[in-house]
Amino acid sequence: MKSSLTHCFGSLLCLLALAGCQGGDACCGGVRSTALDVDLTNRLYPKVKTPTRSLVVVDLQNDNIEGQVAAIGLQGIVNRDSEQKVYVMNSRCKDNHGGWKIGPTAMAQMGQFWLDRVLTDIPQETLTLDKTKTNPAFTAMVERYKDKIKGVVIYDPNLVQATIEAATTIAAQTDGLIVSPALYEQVKPYGFPVIQDLRGKFRSNIECVDWLVENYFDSACHDVAFTWSHMTLDFEESWGAANKDYVVANRLFTYFLDIQIPEECHYYENIVKRYPAGTQIMGWTDELKADKLFADYGYVMIPFISVENMTVMSSFPSVQGTPIEPKAYEADPNTTYVAMLVADGDNLLHTMIYEPYTIEESEHFGDVPLTWVINPGIVDLAPRVFTWYDKVLKEAGQEMAAMMGDGSPNTDRYSGFSFYCALTRHYLDQAGILTMKQMIDGESVAWNVQPYCVEGGYAGTDWRGIESHEYHMDGNTFHIGTTNSRPEYLDKALARTPEGEPYFLSVMIGTASEDAATYATEVKKYLESRNDGRKYVFVRTADLAATYRAYKGLPISRSVKRPIPFRCARTTGAPERSDIPRPAQAAIRETEANDKITT
C-alpha cells in the first residue's frame, strides 16, 4: 500500500510537470524549478561602495612579485574607502598569454586600454617612482599611503602559497601590509607593528588553513568564496596578485590548498561547505579537478585571473543592459544557418582582457557575426566595461552571450543548483543577454532559467552537452549543441544535414587568447568552399534561435514566460523537494528505481 501510494504521488508530480511543458519538442531532459524562493540578498558579487572620483596611476612593471603582492594588497586598503583610488598597471601573470599580436606568450596588458576607453572622464595623476630603488611602485605607495597602514603581516617563504593567502585574508581584516621577510626589513623604519608573523608557524597547507579558519573565517565577508593558487615568488612562473585588491577591499577569505594532493583536494570540502550552497568560488585552482569537485559539493568556480583594478571598476553604479532584437531569417530548405561563438568568457581573464584585446586588435572584427561569451557579472563588477561591450558589439552586428562559471552545481545538489539557476537568471536579466553557454546539465538549466537560447556543451569534442544536430525547444528556450571548428568535426556535423530541410549549426571557434575574429573568417571560407550544394548563412546565435522558432511556427519574441514551479523527474532520480518529508523523498526514489519509471 505504502509503495503504491508513493508511486502514485511521484507519478502525479511528473504528470503535473508534463502538463506545464509548453511549446517544446522535448520536456524531461532535466529538473525544472522557478527557483523564485531563492533569496539573492548578499549573494551577488561584492562591489566597492565608495565611488571613484579620481585616480592615482601606479606602474608595477619594475616591481618583483613580492612588491606587486604588497602593492596590490595596499591598493585594496586604499580603494575600499577612498574616492581617489589607486589604479595599477603592468602586473605579472604567467597565465595571461593573450597578447597574440605581439607574440604567442606575450601578456595582454589592459591597464592603459581601459584608461583610454572607459575612464577618460576621471581625473588622473601618475605616481612618481624612483626606479633606482628595488620595488619602486611599492616603495612609493607605502610612502604616500603610510597613514592607512595599520601594521604588517609577514608570510613564510618556506610555505609561500598558503601563507601569502593567509596573509591576504588577515590584511583584509586588519589593514595590514602583506610582506615577505625582505620587504618587512625595508619598511621597518616606518615602525609598523607586526600583526602576524607566519614564518615557521605551520608545517603544512592544511595546518595553515585550519588556523586561518579558526581565527579569521567568521569575521570575513561570505558573499562569495575565494581561493587562489600558482602564487609563487618566481616572476616568470607566478600567476600574480592582480586580484588581491578586490579580496582585501571586500574582506574576503582566501586560502590555498594543493588540489593535486588527494588529502588537500578532499579538504576543500571543510572550507567550501561553510558557505551557503551554490556560492560562487572566485579565484582559481586546477579546473580539471575543481570543476567536478565543486560541482559535486553544489558550488561553482568563477575564474578571476590577471584582472587588475576590480576595486576601481566595481565602484561605479551597476548597469542594466538592453537585449538585442533577434532576427528570424526565412528558413530555406537548402540552407545551413551557422552561428559561431568565442568561448571561455566565464573566466574574467577572457572577459576583461582577451576578448577586448582581440576586438580592438583584430583587423577582421565584425567581418563575421560572432557571439562573444562573457561573464554577465560584470554588470556589477565592471559596469563601464559592460557598457563598452554593449556599444561595440551592437555597432558591429555581434552578440554578447553569457557563461556564469567554470562548471556548475550538480543537479542533485538541489539547494546549490537552485541558487545557480536563480543567480543565472538574475544576471541574464540584468545584462539583457539572450544566449547563455552551459557546459553540462544543459537541459536542467534550460528548463529552470529559460533563456532565449542555450548553447550546450563546450566544443563538441567530449561528453559534455547534447549533439550538434539535437537542437530543439525546451519550453521557451532554443537548445543547441556545439561542434568544434576543425574541418573533421565540421564535416561530421554536416554529414547529419537532413535532406530537404534547413540545418542549424553552432560552432565553437576557440577563445580570444588568439585572433578569433580572423579565424572566424577562415572557418566561413571553409564552409562556403565545400561545394555540397547548400547555401551557408552566418548569423548571431540569437538569430539562429529566432530562425528556428519561425521555421517551427513559434513566436520569435524574446519576451518569454518563466517556467512553472513543477520539476520533471529525471531517470536518474528526482531531486529533493523542500516541501516533501525526507522519508517520502527516499521512497519516491526507491520506487522509481524499482519500477524503472521514465517520465
Can you see whether [X] engages [Y] through a side-chain donor-acceptor pair at a distance of less than 3.5 angstrom?
X: Glu455; Y: Thr541; value: yes
X: Ser485; Y: Tyr519; value: yes
X: His472; Y: Glu443; value: yes
X: Asp245; Y: Thr311; value: yes
X: Glu399; Y: Trp372; value: no
X: Asp223; Y: Gln280; value: no
X: Asp344; Y: Tyr458; value: yes
X: Ser408; Y: Gln438; value: yes
X: Asp515; Y: Thr518; value: yes

Do [X] and [Y] make a side-chain contact, defined as non-hydrogen atoms from C-beta onward lying under 4.5 Å apart?
X: Asp406; Y: Trp284; result: yes
X: Ser306; Y: Met107; result: yes
X: Met282; Y: Tyr246; result: yes
X: Phe417; Y: Val445; result: yes
X: Ser318; Y: Val379; result: no
X: Val300; Y: Ile281; result: no
X: Phe253; Y: Arg274; result: no
X: Met313; Y: Val118; result: yes

Parallel under 30°, tilted from 30 to 60°, perpendicular over 60°: which one fits the rings of Tyr354 and His350? perpendicular

How are the rings of Tyr548 and Tyr471 set to each other: parallel, tilted or perpendicular (split at 30° and 60°)? perpendicular

Partner of Asn205 by side-chain hydrogen bond (donor to acceptor under 3.5 Å, both in side chains), out of Glu264, Gln161, Glu165: Glu264

What's the spacing between Tyr427 OH and Leu40 CG if we round to 0.5 Å? 8.5 Å

If the condition is side-chain contact (heavy atoms from CB on, under 4.5 Å), which residues does Thr52 pass it with, not counting sequence neighbours? Leu55, Lys85, Ile122, Val312, Ser315, Phe316

By side chain to side chain donor-acceptor pair (under 3.5 Å), Lys273 pairs with (sequence neighbours left out) Glu269

Test side chain to side chain donor-acceptor pair (under 3.5 Å) on Asn309 and Gln75; report intermediate values, then the result. CA-CA 9 Å; Asn309 302 308; Gln75 179 193 19; 2.8 Å; yes

Test: salt bridge (charged side-chain N to carboxylate O under 4.0 Å, His left out). Region: residues 371-386. Which pairs qualify, not counting sequence neighbours? Asp121-Arg384

Under 6.0 Å from the ring centre and within 45 degrees of the ring axis: does the NZ or CZ of Arg549 meet both conditions for the six-membered ring of Phe478? no

Do NZ/NE/NH1/NH2 and the carboxylate oxygens of [X] and [Y] come within less than 4.0 Å?
X: Lys289; Y: Asp286; answer: no
X: Asp296; Y: Lys292; answer: yes
X: Asp390; Y: Lys394; answer: yes

Does the ring centre of Tyr337 sit less than 6.0 Å away from the ring centre of Phe538? no

For the residue pair Phe217 and His222, is the inter-centroid distance of their aromatic rings smaller than 6.0 Å? yes

Residue of the set Trp114, Trp100, Phe365 for which ring-ring contact (aromatic ring centres under 6.0 Å, His included) holds with Tyr357: Trp100

